[in-house]
Number of protein chains: 2
Amino acid sequence: MDSVDRLRAEWEREAPELDVAPIAVAGRITRIAALLDARAEAALADAGLTRGEFDVLCALRRAGRALRAAEVSTITAASPAAITKRADTLVRAGLVARGIPHRDRRGVLLELTAEGRAAVDRLMPEHLAREAAALGGLDPAEATALAALLSRVLVRVEGGGS
Amino acid sequence: MDSVDRLRAEWEREAPELDVAPIAVAGRITRIAALLDARAEAALADAGLTRGEFDVLCALRRAGRALRAAEVSTITAASPAAITKRADTLVRAGLVARGIPHRDRRGVLLELTAEGRAAVDRLMPEHLAREAAALGGLDPAEATALAALLSRVLVRVEGGGS
DNA sequence: AACCGATCGTTCACCGGTAAATGATTCGTG
DNA sequence: CACGAATCATTTACCGGTGAACGATCGGTT
């Protein structure tokens with residue numbers, strides 16, 4: 001009996017004609033995500049970073065090379081305007097350097113500084129530990145089963161149109 | 001092989017010392033939630049509503065009675081200031097009525113109008129259908145298994161302190 | 001070689017959210 | 001019964017995000 005069970009019960013009491021079955025899964029997913037995001041945001045705020053800024057740093061760290069702003073935009077699913085703002089503050093904080101591509105001088109290259117890379121390597125383990133703590137109640141077999149089921153859902157949500 | 005698998009592979013390639021196992025579950029949860037939220041927001045925008053405003057309407061519909069603004073604030077996990085703003089536009093749209101409680105005149109009662117109730121009863125089935133479509137790849141047994149695993153995670157995330 | 005369309009990053013105006021300050025009202029305590 | 005503390009909704013100032021308009025640069029066509 002968690003908060004989503006109570007939610008479902010309220011809907012069934014007030015609107016019995018509604019088929020609220022999807023809430024059992026979808027409601028829990030959005031709820032867990034909201035809570036995880038809130039905690040991550042709070043932890044990053046202690047480090048003086050926004051979630052969006054951290055996403056940019058992670059994208060650059062994962063790529064292992066400088067990325068064009070447009071690439072960061074698509075990877076992080078954020079608008080180009082957001083990338084400009086984030087890059088501004090990250091450059092001001094010394095975590096990212098702006099560069100000019102040799103080929104296409106329309107674009108801007110975003111590159112991790114040594115300090116930026118150090119920030120990711122310091123914050124990412126904490127981030128993963130937070131998530132691991134949230135999943136600590138599951139044994140490895142349950143975790144892989146959960147991941148597999150979620151993957152099925154994700155493929156369908158990502159692939160299918162609206 | 002979904003987008004989170006690729007994400008994990010990138011992390012392992014660039015930072016092999018990191019234990020990125022939690023991403024398999026947590027990453028998928030946050031990703032699915034982001035996609036579901038984006039679709040819900042887009043659908044509600046067609047009806048002239050914000051996600052936050054729809055949450056207020058749903059809270060009132062589920063309660064089956066008028067609620068104090070503070071109650072709505074805690075139920076929807078939004079700041080009191082946000083509730084004031086949402087109530088302003090909902091009242092202007094004729095979906096919610098403000099009232100004065102008999103007992104405690106500090107507060108404000110928010111109540112669904114007939115039109116507001118109709119809006120929820122029209123939009124909620126679409127919302128649930130959207131979620132059901134996202135989960136359509138799962139048979140009933142898988143769905144209940146997924147819900148049960150998610151509930152375990154949710155209880156831990158909700159209950160345990162940071 | 002010169003244009004036209006497309007692409008890229010930035011800027012601007014706005015939107016929805018929060019935190020802190022404010023005013024109104026109630027509650028607890030002397 | 002009066003007064004300080006607490007509670008409630010609102011207002012204000014700000015923050016991060018988006019979409020549209022804008023200048024700069026590239027690519028394709030003739």
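Keep in mind the model is a prediction, meaning the values are calculated, not measured. Residue numbers begin at 1 in each chain, while the letters A, B, ... track the order of the sequences.
Considering CZ of B:Arg31 and OG of A:Ser151, their distance stands at 12.0 Å, rounded to 0.5 Å. Rounded to the nearest 0.5 angstrom, B:Asp37 CG and B:Ile32 CD1 are separated by 12.0 Å. Here B:Glu158 contributes atom CD and A:Arg28 contributes atom CZ; the two are 9.5 Å apart, rounded to the nearest 0.5 Å.
Rounded to whole Å, the distance from CG on B:Leu44 to C1' on C:dC15 is 16 Å. For the pair A:Arg103 CZ and C:dC8 P, the computed distance is 16 Å after rounding to whole Å. Atom CG of A:Asp104 is separated from atom C1' of C:dG9 by 11 Å (rounded to the nearest Å). Rounded to whole Å, the distance from CG on B:Leu90 to C1' on D:dT10 is 16 Å. The CG-P distance, from B:Asp88 to D:dT10, rounds to 7 Å in whole Å. With rounding to whole Å, A:Arg92 atom CZ is found 10 Å from D:dG16 atom P. The interatomic distance linking B:Ile100 (CD1) with D:dT10 (P) rounds to 11 Å, in whole Å. Residue A:Leu67 contributes atom CG, which lies 14 Å from atom P of C:dC8 at whole-angstrom precision.
Between A:Arg68 and the phosphate of C:dG9, there is a side-chain N or O to OP1/OP2 separation shorter than 4.0 Å. For the pair A:Thr84 and C:dG9, the criterion of a side-chain N or O lying under 4.0 Å from OP1 or OP2 is not met. Distances shown here put a side-chain N or O of B:Arg98 below 4.0 Å from the OP1 or OP2 atom of D:dT10.
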Under 3.5 Å between N/O atoms: give me all the protein pairs with nucleotides 4-6 of chain D, atom names plus distance.
none

With the criterion being N/O to N/O and under 3.5 Å, what pairs connect the protein with nucleotides 18-21 of chain C, and how long is each?
{"residue": "C:dT18", "atom": "OP1", "partner": "B:Ser79", "partner atom": "N", "Å": "3.4"}
{"residue": "C:dT18", "atom": "OP2", "partner": "B:Ser79", "partner atom": "N", "Å": "3.1"}
{"residue": "C:dT18", "atom": "OP2", "partner": "B:Ser79", "partner atom": "OG", "Å": "2.6"}

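Evaluation of the side-chain contact (heavy atoms from CB on, under 4.5 Å) rule for B:Glu142 yields A:Leu149, A:Arg152, B:Leu138, B:Asp139 as partners, not counting sequence neighbours.
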Under the salt bridge (charged side-chain N to carboxylate O under 4.0 Å, His left out) criterion, do A:Arg92 and A:Asp88 qualify, and how do the steps go? CA-CA 6 Å; A:Arg92 209 176 306 129; A:Asp88 284 345; 5.1 Å; no
Mind running salt bridge (charged side-chain N to carboxylate O under 4.0 Å, His left out) on A:Arg8 and A:Asp2 for me, showing each step along the way? CA-CA 10 Å; A:Arg8 243 174 57 123; A:Asp2 56 23; over 6 Å; no
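Projected onto DNA chain D by closest heavy-atom contact, A:Arg51 and A:His102 fall at different nucleotides, the more 5' of which corresponds to A:Arg51.
What you find for B:Leu44 and B:Thr50 is that their closest heavy atoms are CD1-O, 4.3 Å.
Proximity of a side-chain donor or acceptor of A:Arg68 to a complementary backbone N or O of A:Pro101 within less than 3.5 Å is not detected.
Using a 4.5 Å heavy-atom cutoff, the side chains of B:Ile75 and B:Val72 are not in contact.
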